Amino acid sequence: MDIDPATLTVGRVYQVMISIITPRPIAWVSTISPAGVCNVAPFSYFTGVGSQPPSLMISVVNKPDGTPKDTLRNIQANGEFVVNIVSHSLSQAMIETSREYPYEVNEMDLAGLHPQPSRCVQPPGIAESPVQLECRVMQIVRIGDGLLATHAVFGQIVWMRIADRVLNEAGEVDPQLLDTIGRLGGKTYTRTRDRFELW
Ligand SMILES: Cc1cc2nc3c(=O)[nH]c(=O)nc-3n(C[C@H](O)[C@H](O)[C@H](O)COP(=O)(O)O)c2cc1C
């Protein structure tokens, strides 16, 4: 099958892309509004970018009406966010936070999650998550012009908190204990239990 993406609807391009670019890690992003309301949402257009400085990128598409999602609104307001890592046991809570709620709703409370005070940034992390990456915005790059424009948010990781419970005896992160999930196409997710090594 050959596809000229220019002939597809935006929705179809999205479906095809998320079914091909797999598995995608999930940044579970916590932010805070100027009024102090915590927001939490997952983003799977997410990747590490560099190590010096330690940096990552999340991609936040506008809502269909062209307005920014709450996550982007908060990041634009104060330049800070926390990326929390999603273990399998947190899947259901993660999905709860992917639904659209009014800006004034505290999604940390709503999903039964607890704030973990951050060391270097204002937004709290998610205490239930095994990893919090505290980030300060480096750049926000707007991609596209229409209502569904995307914002690639580049953040510098200024603090990493990794729970001892996911470390092995050597002090390294143990993938089995971290037990991350990844997103595939549609509603399908994957676990990280089937591993192999290459040299
Ligand atoms: C696993 C998963 C991954 C997602 N990835 C993205 C993404 O990369 N970019 C995006 O804009 N929305 C993504 N979404 C949708 C947002 O999480 C959703 O729009 C959410 O309501 C945004 O919340 P906010 O308005 O509080 O920021 C994803 C949803 C799920 C369940």
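Source: prediction; values computed, not measured. Residues: numbered from 1 along the sequence shown.
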Kindly compute the distance separating CG (Leu148) from CG (Asp65), expressed to the nearest 0.5 Å. 9.5 Å
Output yes when a side-chain donor or acceptor of Ser87 lies under 3.5 Å from a complementary backbone atom of Leu90, and no otherwise. no
Tyr103 six-ring centre to Arg73 NZ/CZ under 6.0 Å and within 45° of normal: yes
Is there a donor-acceptor contact under 3.5 Å linking the side chains of Asn39 and Ser30? no
Look at the side-chain heavy atoms of Ile, Leu, Val, Met, Phe, Trp and Tyr, link any pair under 4.5 Å apart, and say whether Val83 and Trp28 land in one connected group. no
By side chain to side chain donor-acceptor pair (under 3.5 Å) - contacts of Arg195 (at least two apart): Gln176
Between Leu72 and Val153, is any pair of side-chain heavy atoms under 4.5 Å apart? yes
Closest non-hydrogen atoms of Gln122 and Glu80, given as atom of the first, atom of the second and distance, are N-OE1, 2.7 Å
Within 6.0 angstrom of Arg191 CZ, more than 12 heavy atoms from elsewhere: yes
Donor-acceptor pair, Ser19 side chain versus Gln15 backbone, under 3.5 Å? yes
Is a side-chain donor or acceptor of Ser129 paired with a backbone partner of Val86 at a separation under 3.5 angstrom? no
Value rounded to 0.5 Å, distance of CD1 in Ile58 from OG1 in Thr150: 11.5 Å
Is Leu167 close to Leu177 at the side-chain level, that is, under 4.5 Å between some pair of heavy atoms? no
Close side-chain approach of Val61 to Lys69, heavy-atom, < 4.5 Å: yes
Consider side-chain contact (heavy atoms from CB on, under 4.5 Å). Of Met160, Glu134, Gln132, which one does Arg119 pass it with? Glu134
Measuring from Ile26:CD1 to Tyr45:OH, what's the distance to the nearest 0.5 Å? 13.5 Å
Which pair of heavy atoms, one from Ile3 and one from Val16, lies closest together, and at what distance? CD1-CG1, 4.2 Å
Do Phe154 and Ile157 sit in the same hydrophobic cluster, where Ile, Leu, Val, Met, Phe, Trp and Tyr count as joined when their side-chain heavy atoms come under 4.5 Å apart? no
Are Lys63 and Glu100 ion-paired here, with the side-chain N under 4.0 Å from a carboxylate O? yes
Please examine the side chains of Asn74 and Phe81, heavy atoms only from C-beta on, and report whether any two atoms are closer than 4.5 Å. no
Heavy-atom nearest pair, Ile181 first then His88, reads CG2-CA, 3.6 Å
If you group Ile, Leu, Val, Met, Phe, Trp and Tyr by side-chain heavy-atom gaps below 4.5 Å, do Ile140 and Met57 land in one group? no
Checking the side chain of Ser44 only, and the main-chain atoms of Pro25 only, is there a donor and an acceptor separated by less than 3.5 Å? no
Closest contact, heavy atoms only, Pro123 versus Thr31: CB-CA, 3.8 Å
Are Val29 and Leu178 connected into the same hydrophobic cluster when the rule is that any two of I, L, V, M, F, W, Y join if their side-chain heavy atoms are below 4.5 Å apart? yes
Check whether more than 12 heavy atoms from other residues, nucleotides or ligands sit under 6.0 Å from atom CG of Asp194, and answer yes or no. no
Just jot down the side-chain contact (heavy atoms from CB on, under 4.5 Å) partners of Glu96, sequence neighbours excluded, or say none. Gln92, Arg99, Tyr101, Ala111
Applying side-chain contact (heavy atoms from CB on, under 4.5 Å) between Ile162 and each of Val173, Ile85, Leu133, report the one that passes. Val173
If you apply the rule side-chain hydrogen bond (donor to acceptor under 3.5 Å, both in side chains), what do you find for Trp159 with Ser118, and how did you get there? CA-CA 9 Å; Trp159 196 264; Ser118 295; over 6 Å; no
Separation between CE (Met108) and CD1 (Ile32), nearest 0.5 Å, reads 8.0 Å
Above 12 or not: heavy atoms from other molecules or residues under 6.0 Å from CG of Asp145? no
Kindly indicate whether the side chain of Pro42, heavy atoms from C-beta on, has any atom under 4.5 Å from the side chain of Thr97. yes
Looking at CE of Met138 and CG of Leu56, how far apart are the two atoms once the value is rounded to the nearest 0.5 Å? 9.5 Å
Any side-chain heavy-atom pair from Cys38 and Glu107 closer than 4.5 angstrom? no
Interatomic distance, CG@Asp109 vs CG@Leu113, rounded to 0.5 Å, equals 9.0 Å
Between Val40 and Ile126, the two heavy atoms sitting closest are CG1-CD1, 3.5 Å
Can you give me the closest heavy-atom contact between Gly185 and Thr22, atom names plus distance? N-CG2, 4.2 Å
Can you confirm whether Arg136 sits close enough to Cys120 that some side-chain heavy atom of one is under 4.5 Å from a side-chain heavy atom of the other? yes
Less than 4.5 Å apart, any side-chain heavy atom of Val105 and any of Asp70? no
Count I, L, V, M, F, W, Y as connected when their side-chain heavy atoms are under 4.5 Å apart, and connections chain through other members. Are Val49 and Ile143 then in the same cluster? yes
Verify, without hydrogens or angle tests, whether Arg24 (side chain) and Leu184 (backbone) share a donor-acceptor contact under 3.5 angstrom. yes
